[in-house]
Asks: 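First the structure, which I've put down as structure tokens, then a few questions once you've had a look.
Order of the sequence lines fixes the chain letters, A, B, ..., with proteins taken first and strands second; residue numbering starts at 1 for each chain. Quick note: numbers below take in every heavy atom, side chains included, and nothing from hydrogens, waters or symmetry partners.
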Amino acid sequence: MINVEETLRSLIGGALKKAASDRGVELVGEPVIMLEKPRREGQGDWASNVAMQMAKAFGASPREIAQAVVDRLDLESGYLDRAEVAGPGFINFFLSPLWASEVVAGIRRQGEAYGRCGIGRGRKVQVEFVSANPTGPLHVGHGRGAVVGDVTANILAAAGWEVEREYYINDAGLQMTLLGKSVQSRYFDLLGRSDAAPFPEDGYKGEYIYDLARELVDRDGDVHLEEPLETSLPVFQAHAVEAILGMIRRDLKDFGVCYDVWFSEKSLYDSGAVREAAEFLKKRGFAYEKDGAVWFKATEFDDAKDRVLFRSNGVATYFMSDIAYHKNKYDRGFDLVIDVWGADHHGYVPRMTAAVESLGRKAEDLRVLLIQFVNLLRGGEQVAMSTRSGQFVTLRDVIDEVGVDASRYFFVMRSCDSHLDFDLALAKEASNENPVYYVQYAHARIHSLFREAAGRGVALSGEDVDLRLLDTAEEQALIRKLAAFPEEVAKASEELAPHRVTFYLYDLASHFHSFYNAHRVLDAEPDLRRARLVLLDATRITLANALGLLGVQAPQNM
RNA sequence: GCGCUCGUAGCUCAGUUGGAUAGAGCAACGGACUUCUAAUCCGUAGGCCGCGGGUUCGAAUCCUGCCGGGCGCGCCA
């Protein structure tokens, strides 16, 4: 399919140079030609402000230069209908019906591949997301991170990156001990010996801890009652981590999220990677000892203060293992590493970036997506959540109540750095306030129409169809929206902005519904009918591909 | 106190390398099915883009000072 932007750029560049030489103006270097999509109707399909930027070099008014460029445009290709000067000196370009028919035909040729592009150039990117401690079930906030990470990965893959998804398991450190002790205490409690193993301060109080203890009672009976607490602790801890991790995997899988790698923090210690990373930093002069602790020279980079790597008691900090982890990531050959974190960790970004630079990578080789909190509502009322008491709405609850499609859509609907109001009642209602159904309905409607067409013996064919018959305002607007999909994917991948896809989808569905209400398809004249069926097929493909990026079903009927 | 972040229509939000008259959805109001799915469409109304300065041909966008919300600031994770 033709690349409109490239074609336009070279057309404009040629005309601009001609205009310059005609006026005896010397251009310094290649002019950078900016193209954008005008927002308003009547301002063409593309616009360029090149005349305004050239005002100084030409010593002429922007409008004058714009006109000179327009007069020298080569319209031979046939894709460009006309160009006109507008406003303070914009040049508006109007694409031709020939271009529009090429778009539609191209989409059907590409099918599932439509929307993909090559800007990733096969580079390797890792997206690490969720990575919740295996100390309890995933809650709503994790759900948002899960979908944002998963959809971002989908988008990057569509943009030509080689993508790996990874879950980092924090299975080392104090929290694990605390988890084990919590289960241990509940175990003793269940067997009527709560006095022997008091519940730890700041222990995990959720009901699921009792469930885990009960499983051990069923499995091992009361044998652990007689053992010293230190002896049985690893048993409780191992069972808890294994069981909880299993639950997390199931929840994510049922949510449509699949990982390539589950990476254990503990393995970094076992393999000596933590020690090696520390040595690496010392050798490069980024680590030093003070007050009995080992410090990282974060201030060498762009962080406010130096950070502790090893406490004076010799124990590594979480930050230290994180450095080892990121070193491991880059050693695995990733060109770009993306971390998806909760927004409450934003203070951690400068030091992690500093660490990445100390490893010899550029700051841009790490991108952190900070996910703001989810405000859970039900029918406009805030749902009370308290981590302390162990009472919170789990991701599983949300999936069970709302369903996967609506949940996923709602979780990526907003930009990451915006708080998200998630109304459970709204998300599961087939309400007109619910954008998921609006978009899915568009897809189902097209399939319904195809079924009706088949029933009437009308075949969908790409042969001998004159797509230039699609000349109504609604058809042209729909085609332009279809044509924008690949660049939308490209932008979403560059900005790491998965929410863009939901906005695009809604817009596309809206253009389809408008067309559908304004025009008849099956009752049209045979030539027009064939053209419209082809247009709807292209729409169906684009809707399905975009929904696919979100991991949301594209139903054939509703 | 320092730092990050957000502040756009009544509500929820788009608007990212500075561009033309700031856009959607919902809510409100008024219309459209004997028809391929009305889970739809069409129209009306709704705005000191938090406030004040600055940068320039041009600012919701960049800089700066305030105001307000959220979050962070440990040899915790």
Asks: Report the residues that fulfil side-chain contact (heavy atoms from CB on, under 4.5 Å) with A:Arg63, sequence neighbours left out, ordered by chain and then residue number.
Replies: A:Ser61, A:Val85
Asks: Aromatic contact between A:Tyr438 and A:His513, with the criterion being ring centroids under 6.0 Å apart: yes or no?
Replies: yes
Asks: Can you tell me if A:Ser415 touches the phosphate of B:C13, counting only side-chain N or O atoms and a distance under 4.0 Å to OP1 or OP2?
Replies: no
Asks: Are any of the side-chain nitrogens in A:Lys362 or A:Glu357 under 4.0 Å away from the carboxylate oxygens of its partner?
Replies: no
Asks: Look at the side-chain N and O atoms of A:Arg414 and state whether any lies under 4.0 Å from the OP1 or OP2 oxygen of B:A24.
Replies: no
Asks: Salt-bridge test for A:Asp527 and A:Arg530: reply yes if a basic N is under 4.0 Å from a carboxylate O, no otherwise.
Replies: yes
Asks: Pick base, sugar-phosphate or nothing for A:Met413, based on heavy-atom distances below 4.0 Å to the nucleic acid.
Replies: nothing
Asks: Using a heavy-atom cut-off of under 4.0 Å over every strand shown, decide if A:Asn170 touches base, sugar-phosphate, or nothing.
Replies: nothing
Asks: Give a yes/no answer on whether the side chain of A:His513 brings an N or O atom under 4.0 Å of OP1 or OP2 in B:G25.
Replies: no
Asks: Does the pair A:Lys329/A:Glu166 count as a salt bridge with the N-to-O cut at 4.0 Å?
Replies: no
Asks: Charged N to carboxylate O below 4.0 Å: is that the case for A:Asp423 and A:Arg378?
Replies: no
Asks: How many Å lie between CG on A:Leu309 and P on B:C75, as a whole number?
Replies: 12 Å
Asks: Under 4.0 Å, counting only non-hydrogen atoms across every strand here, what does A:His519 touch: a base, just sugar-phosphate, or nothing?
Replies: base
Asks: For the base of B:A20 and the side-chain ring of A:Phe90, does the geometry meet a stacking cutoff of under 5.5 Å between centres and under 30° between planes?
Replies: yes
Asks: In dot-bracket form, how is RNA chain B paired, counting a Watson-Crick or G-U wobble pair only if both its distances are under 3.5 Å and using | for bases paired to another strand?
Replies: (((((((..((((.....[...)))).(((((.......))))).....(((((..]....))))))))))))....
